[in-house]
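Working notes for the structure below.
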Amino acid sequence: MSPIVLLRNRRVRELAYQVICVAAVVAVGWYLLSNALANLAKQDIATGFGYLGREAGFVISETPIAYEPSDSYARALLVGLLNTIKVALLAIVFSTVIGTLVGIARLSSNPLLSRLMLFYVEALRNVPLLLYLFLWYSVIIFTLPPVRQAITLLPGVYVSNSGLVVPAIIWNSGFWVAVAAVAIGIAAAVIWFKVVRHRRITTGKALPGWPVALALLVLPVVVAALLFDISGEVDWPILGKFRLTGGAHLKPEFVALLVGLTLSASASVAEIVRSGILAIRKGQREAAKSLGLSDGQAMRLVILPQALRVIVPPLTNVYVTTFKNSSLAIAIGYPDLVMVSNTIMNQTGQAIEPIALFMLTYLILSLATSALMNWYNGHVALRERQP
Amino acid sequence: MSEQSAMASDMASPRRQSGSLKAYFGTAGNSAVTLICLAVFALAAKAAISWLLVNAVFTGTPEDCKVASGACWPYLADKLRYMLFGIYPFDEQWRPLTATLLFIAAMAVSGIPRLWGRALIAGWIVLLPLLFVLMAGGVFGLTSVPTSQWGGLPLSFMLTFVGLVLALPLGILLALARLSNLPAIRILAITFIELVRGVPLISILFMASVMLPLFMPEGVTIDKLLRAQVAIILFAAAYIAEIVRAGLQALPRGQTEAAQALGLHYWQYTFLVIIPQALKTVIPPLVSLFIGFFQDTTLVTIVGLLDFLNTVRTALRDPNWQGIAVLEGYLFAAVVYFVFSALMGAYSRFLEKRFRVGHD
């Protein structure tokens, strides 16, 4: 067959397109890689991940786990990763609570309240997060009084230009036992709710849900407290003449980043919650009530499952975005994964490996969430007929 | 004030006409909410007025600002041109000013849906090189200004606009590739889109500023501004691809089938039938993306470009003013970003209303 005839075959054409595309990508990739290798060899820069085992030699201002400058680069990266996770998780928790409240308040029948909340959301969404980070950081550093005149926000919570001091809990023993007890309690409560639901669907009888669940939550903790030695104490900060002693000290960088991330994410959460509630038509509530469901039941069994269908996917997106936005930490000097990587880049001269490493870390996190969302979306999405 | 607007909105709904105060003081709980809100308003207004006006310094030297507790207006007046235009040669700053005003005017004109068409695209094709020549100079007796001296607000606009305009065709192609029947092409597109969307913008900017020079053949250097611009284009393309994909998927299959039945081949029906309809439905989210990217371009601050946020930040380091006016610059920048973003947001809502099809 002549080539012209072959090209009329759809299969052949499709194959040809794909081969050309892949070949082009491979060729460009190969070209760039060979350039990079040549440049690295010429500039005498080491390649590979051998640097991870070498001594880091720099100080990290915030260390959730023990770290000394004599530790390895790998340990420094781990500290950075933990700092990222710490600030992002806290921001996610706070922003979910604040955002849900703001989102509901946005729908208030009181025009003053709904407008105040509209302003809150708009002020946060229309100004770049990075600008807010600089602003909060400047507010803490320049406008707050020095430690000696620290402002008492709440009893035991002091704020000054060197950050925030809060009471800390010091565990003497049994920390992990307490954690395990709480986890067992939560698991038992979840299983109980499944049983209740199954019973309701199969027999139509309602079992007590919350009372039993609460008992299941509390019981393991009580048992653990009786059987094991769990003790801890609250370390209250004390304002002395020159400085604060005791408590946990949160640095200005951390506070500014946490406040910035929390506020920015809370505005997004508020809009999502609001649109989720609005998406449920009035007829749904009316239909549920005409079936004899109480207000609470209508909310729990009819409104919320439908609202969550609208709320959960974009909410997951906000959480991923919060993790990614925490990388702005480098702008105000909070030692997160990116900032530690940047220091390593400057010290070793190696650029490709540290960047690849932190990109991979963010990628794993995002892809996991993305996969979860696509799976969820597949369940929720309306199906159209197949070709 | 809110009372008046509440009454205005009441005209639309006759049921609520009886007693507009009811919305504020209907129940005990509602009254408490109203009082708390009023207290918040009053406190905020008092703080704002005393800082902006009563305790503020309007004319004077840095020393006057140092003793006053309010806003320092002389700082803004002194640093305004630096914040807006960065280190662009002082005597030539009418050029970025003209370019920015022309750009804003052109954007405003392009926002009118009635004018959308070939003439508008032709207008932009003429305007963009004109703006570039105005900024860069070197011809018509204009002094040449290298891109390393561009900065401030024009740079932020440029990074956003050029980034998104060039990312749009790339994003459309990626979206088509992702929905393609050809597995290799689909996998390549998915890999690119998920890779880019999975990492923070800052890491792509780092890659562009630190790694890209390593990937170039010997002797080839790429302008710092161009590198950041390329990073923004690639980043935006992945996000645009996902938005366009949503538009493509929202289109009923019948459109493709009908076009195929008419005998059109892939590229014909895609660009004549599918893309125009799909793009129309995704214009509002694209405008929202534009707002997001206008704010995200501030991240080039971290790799050392003098965008608007960075000029505001570096203005603080002026030795004359150091440690005196620490918040004024940021608040000014916040107002500027707020005004532009809120305008675009309002426009996005207007488009959404206009394009709403079908029942509510």
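A, B, ... follow the sequence lines: proteins, then strands. Residue 1 opens every chain.
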Give, for atom [atom1] of [X] and atom [atom2] of [Y], the distance between the pair rounded to the nearest 0.5 Å.
X: B:R227; Y: B:M211; atom1: CZ; atom2: CE; value: 13.0 Å
X: B:I204; Y: B:L234; atom1: CD1; atom2: CG; value: 7.0 Å
X: A:I330; Y: A:N342; atom1: CD1; atom2: CG; value: 4.0 Å
X: A:L131; Y: B:Y330; atom1: CG; atom2: OH; value: 7.5 Å

Which atoms of [X] come close to chain B, meaning under 4.5 Å heavy atom to heavy atom: side chain ones, backbone ones, both, or neither?
X: A:L130; answer: both
X: A:T143; answer: side chain
X: A:V22; answer: both
X: A:N325; answer: neither
X: A:V139; answer: both

Under 3.5 Å, is there a donor on one side chain and an acceptor on the other for [X] and [Y]?
X: A:E353; Y: A:Q350; result: yes
X: B:D307; Y: B:T301; result: yes
X: A:N110; Y: B:T34; result: yes

Could you walk me through whether A:R125 and A:E271 pass the salt bridge (Lys or Arg N to Asp or Glu O under 4.0 Å) test, one step at a time? CA-CA 10 Å; A:R125 284 166 67 99; A:E271 284 304 275; 5.1 Å; no
Identify which of [options] forms the greatest number of heavy-atom pairs closer than 4.5 Å to chain A.
options: B:A44, B:P213, B:A334; result: B:A334
options: B:G329, B:G292, B:P200; result: B:P200
options: B:I185, B:T297, B:L182, B:V312; result: B:L182
options: B:I302, B:L331, B:T256, B:V339; result: B:I302
options: B:F340, B:F338, B:F206; result: B:F338

Sort [X] into side chain, backbone, both or neither according to what part of it lies under 4.5 angstrom from a heavy atom of chain A.
X: B:V335; result: neither
X: B:I187; result: neither
X: B:F41; result: side chain
X: B:I202; result: side chain
X: B:L316; result: neither
X: B:S180; result: neither
X: B:P183; result: both

Side chains of [X] and [Y] in contact at under 4.5 Å (non-hydrogen atoms):
X: B:V199; Y: A:K324; answer: no
X: A:V340; Y: A:F358; answer: no
X: A:S114; Y: A:L107; answer: no

What residue, out of A:Y362, A:F142, A:F134, has the most heavy-atom pairs lying under 4.5 Å from chain B?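 Maximum pair count with chain B is reached by A:F134.
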Counting heavy-atom pairs closer than 4.5 Å to chain B, which one of A:F119, A:Y31, A:Y132 comes out on top?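 Between A:F119, A:Y31, A:Y132, the count favours A:Y31.
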Aromatic ring centroids of B:F235 and B:Y239 under 6.0 Å?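 Yes, they do, as the ring centres are separated by less than 6.0 Å.
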